[in-house]
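See structure below.
What you see is a predicted model; the values in this text were computed from it and never measured. Just so it is clear: chains get the letters A, B, ... in the order the sequence lines come, proteins before strands, and each one is counted from 1.
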2 protein chains.
Amino acid sequence: AASVYDAYKIYGTGDEEIRALNGVTVGLRRGEFTAIMGPSGSGKSTLLQCIAGLDELTGGRVLLGTQDITNLNPTQLTFLRRDYVGFIFQSFNLVPSLTARQNMMLPIKLGKRTLAPGEFDEVVQMVGLGNRLDHKPKELSGGQQQRVAVARALIGHPPIIFADEPTGNLDSRSSGEILQFLRNAVRSRGQTVVMVTHDPMAAAYADSVIFLADGRLVDSILSPTP
Amino acid sequence: AASVYDAYKIYGTGDEEIRALNGVTVGLRRGEFTAIMGPSGSGKSTLLQCIAGLDELTGGRVLLGTQDITNLNPTQLTFLRRDYVGFIFQSFNLVPSLTARQNMMLPIKLGKRTLAPGEFDEVVQMVGLGNRLDHKPKELSGGQQQRVAVARALIGHPPIIFADEPTGNLDSRSSGEILQFLRNAVRSRGQTVVMVTHDPMAAAYADSVIFLADGRLVDSILSPTP
Ligand SMILES: Nc1ncnc2c1ncn2[C@@H]1O[C@H](COP(=O)(O)OP(=O)(O)OP(=O)(O)O)[C@@H](O)[C@H]1O
Ligand SMILES: Nc1ncnc2c1ncn2[C@@H]1O[C@H](COP(=O)(O)OP(=O)(O)OP(=O)(O)O)[C@@H](O)[C@H]1O
Ligand SMILES: [Mg+2]
Ligand SMILES: [Mg+2]
C-alpha cells in the first residue's frame with residue numbers, strides 16, 4: 001500500500017547535520033497492520049509523515065498506493081491524501097476553534113467521500129466520546145483530545161491509516177478499544193494500518209513490527225502474537 | 001507536602017454540568033512518590049493543576065506546603081510556585097520561540113533559585129538531550145519535547161514535582177531513566193513527587209498509587225513494588 005526507497009531526510013549542514021532518515025527502504029503491504037518502534041528521536045514520525053505525503057524527502061522515493069508521490073506539489077498531495085489517507089498525529093493537531101464533532105468531520109466535509117448511515121456513530125461509540133462532541137479541544141482532557149484525533153482519521157474508512165502513538169495518553173481500556181478497531185479495519189475491511197508506538201502491548205496487535213534506530217531500519221519481526 | 005479537602009471542580013450548569021472533581025479529599029505526604037491513575041477524563045490533570053495552584057477549585061480547600069492557597073490571587077500563586085513547584089504538563093507547554101536550553105532554564109531565570117555547578121548538566125545528561133539544546137520545539141521529536149518539559153521541572157530540585165504523564169511519548173529506556181531519577185529525588189533528596197500515569201510499569205516506581213474515576217477517589221494501594 002505504501003513504500004519508500006532509499007529515503008533520506010536531512011536537516012542542517014556540516015557539523016550541525018541531523019539525518020532523521022538515513023537511507024530507509026521499506027514496503028508496507030496492503031491489508032496488513034504494521035507497527036514501527038524505536039527510541040525517541042530515531043525517525044519514526046519523520047518516516048510516517050514522508051510516506052503519507054505530509055513532508056518531503058531530501059533524497060529517495062515514496063510510493064503511496066501505486067503512485068510515485070515523490071515530486072507531487074502540495075496541492076496534488078492534499079487531493080491524494082484527502083480521500084485515501086487517515087492520519088493520527090503524535091500531537092493531535094486539532095483545530096482549536098472547532099468542536100470535537102466538527103474536527104472529526106473535517107476530512108469528510110473537505111473531501112469527496114460520503115458517510116454511510118451509522119458510520120459516524122460507530123466510530124464515536126468506539127472511542128467513547130458520545131457526550132463530549134460539542135466541546136472544543138481546550139475543554140477536553142488529554143486523552144479525550146487524542147480520541148478526537150483518532151476518530152477523525154477513522155471515520156469514512158480511508159484505505160490507509162497512519163497512526164503516530166495513538167494510545168500514548170490513554171488508559172488500557174480505551175487503548176484496547178482503539179487497537180481492536182484498527183485490527184478489525186484490517187481483518188474485515190482490508191484497510192492498511194501503519195502505527196508508530198512505544199508500547200509493546202500495542203505492537204502486539206500488529207502483523208509485523210519494524211524497528212528504527214538513528215534514521216535506519218535495524219530489525220523486523222513477523223506476527224509478534226498470533 | 002500538599003493536600004485537598006472536599007475539592008470540587010465543576011464546569012457548566014444543569015444538564016451540561018461536568019464534575020471534573022466531585023468531592024476529593026487526599027493528602028500527599030512529603031518525601032514520598034505518589035502515582036495517580038484512572039480512566040481518561042476521570043479528573044487526574046484537573047486534580048494535579050488545582051493542587052499545584054495552576055487552576056482554581058469551585059469548592060473545597062487546597063494546602064501546598066503548609067499554606068492554604070485556596071484564595072490566593074494569581075500573582076501570589078505565581079510567586080509561591082516559582083521556587084517551590086516543578087510541573088511537567090501533559091501537553092508539554094514549551095515556549096515555541098525559545099530553544100530547549102532556554103525553555104529548561106526559564107523557571108531558574110524567573111525565580112530566586114540559583115543552580116549549583118553541575119546541576120544543569122546532570123539533568124540534561126539524564127534526559128539525554130545534550131546535542132539538541134539549541135533547537136526550538138518545532139525542530140524536536142515528540143519525545144524530545146517531552147524530555148525538555150521534564151528537564152525544566154527537575155533542574156534546581158524544587159521541593160515538590162508534579163508530573164502529568166511524563167513518559168507518554170517515550171521508549172522504555174528513556175522512561176526508565178526519568179522514573180529512576182524521580183525515585184532518587186525522593187529517596188536521596190527528600191523531594192516530593194506526584195505523578196499521573198496510565199502505565200502500570202511507571203506506577204511501580206511509586207510508594208503508593210491512588211485511583212480516580214468520575215472525579216472521585218475510588219481506591220489506593222501502598223508500595224505496589226518494594
Ligand atoms: N474547560 C472545560 N470545560 C468543560 N469540561 C472540561 C474542561 N476542562 C476539562 N473538562 C472535563 O473535565 C473532565 C476531567 O478532565 P481531566 O483533564 O482532569 O481528565 P484526565 O483524568 O486528566 O484525563 P486524561 O487521562 O484523558 O488526560 C473531562 O471529562 C474533561 O472533558
Ligand atoms: N525541523 C527540524 N530541524 C532539525 N531537526 C529535526 C527537525 N525535525 C525533526 N528533527 C530531528 O529529527 C530526528 C527524528 O525526529 P522524529 O520526530 O522522526 O523522531 P521520533 O522517532 O518520532 O521520536 P519520538 O519517539 O520522540 O516521537 C530527531 O532527532 C529530531 O530532533
Ligand atoms: Mg515521534
Ligand atoms: Mg490528563
Please determine whether the number of non-hydrogen atoms from other residues, nucleotides or ligands lying under 6.0 Å from atom CD of A:Gln125 exceeds 12. no
Any idea which of B:Asn131, B:Ile18, B:Thr197 has the most non-hydrogen atom pairs under 4.5 angstrom with chain A? B:Ile18
Using a 6.0 Å cut-off, check whether atom CZ of B:Arg82 has over 12 heavy atoms from anything other than its own residue. yes
More than 12 non-hydrogen atoms from neighbouring residues, nucleotides or ligands closer than 6.0 Å to CG on A:Asp214, yes or no? no
Within the supplied structure, the quantity of interest is the number of heavy atoms (other residues, nucleotides, ligands) at a distance under 6.0 Å from A:Glu17 CD; does it exceed 12? yes
Residue by residue, which of residues 133-144 of chain A have a heavy atom closer than 4.5 Å to a heavy atom belonging to chain B? A:Ser141, A:Gly142, A:Gly143, A:Gln144
Distance (rounded to the nearest 0.5 Å) between B:Arg173 CZ and A:His198 NE2: 12.0 Å
Contacts of residues 36-56 of chain B with chain A (heavy atom under 4.5 Å): B:Gly38, B:Pro39, B:Ser40, B:Gly41
Contacts with chain B made by residues 100-107 of chain A (heavy-atom distance under 4.5 Å), listed by residue number: none
Do any of residues 160-170 of chain A have a heavy atom less than 4.5 Å from a heavy atom of chain B, and if so, which, in residue order? A:Glu165, A:Gly168, A:Asn169, A:Leu170
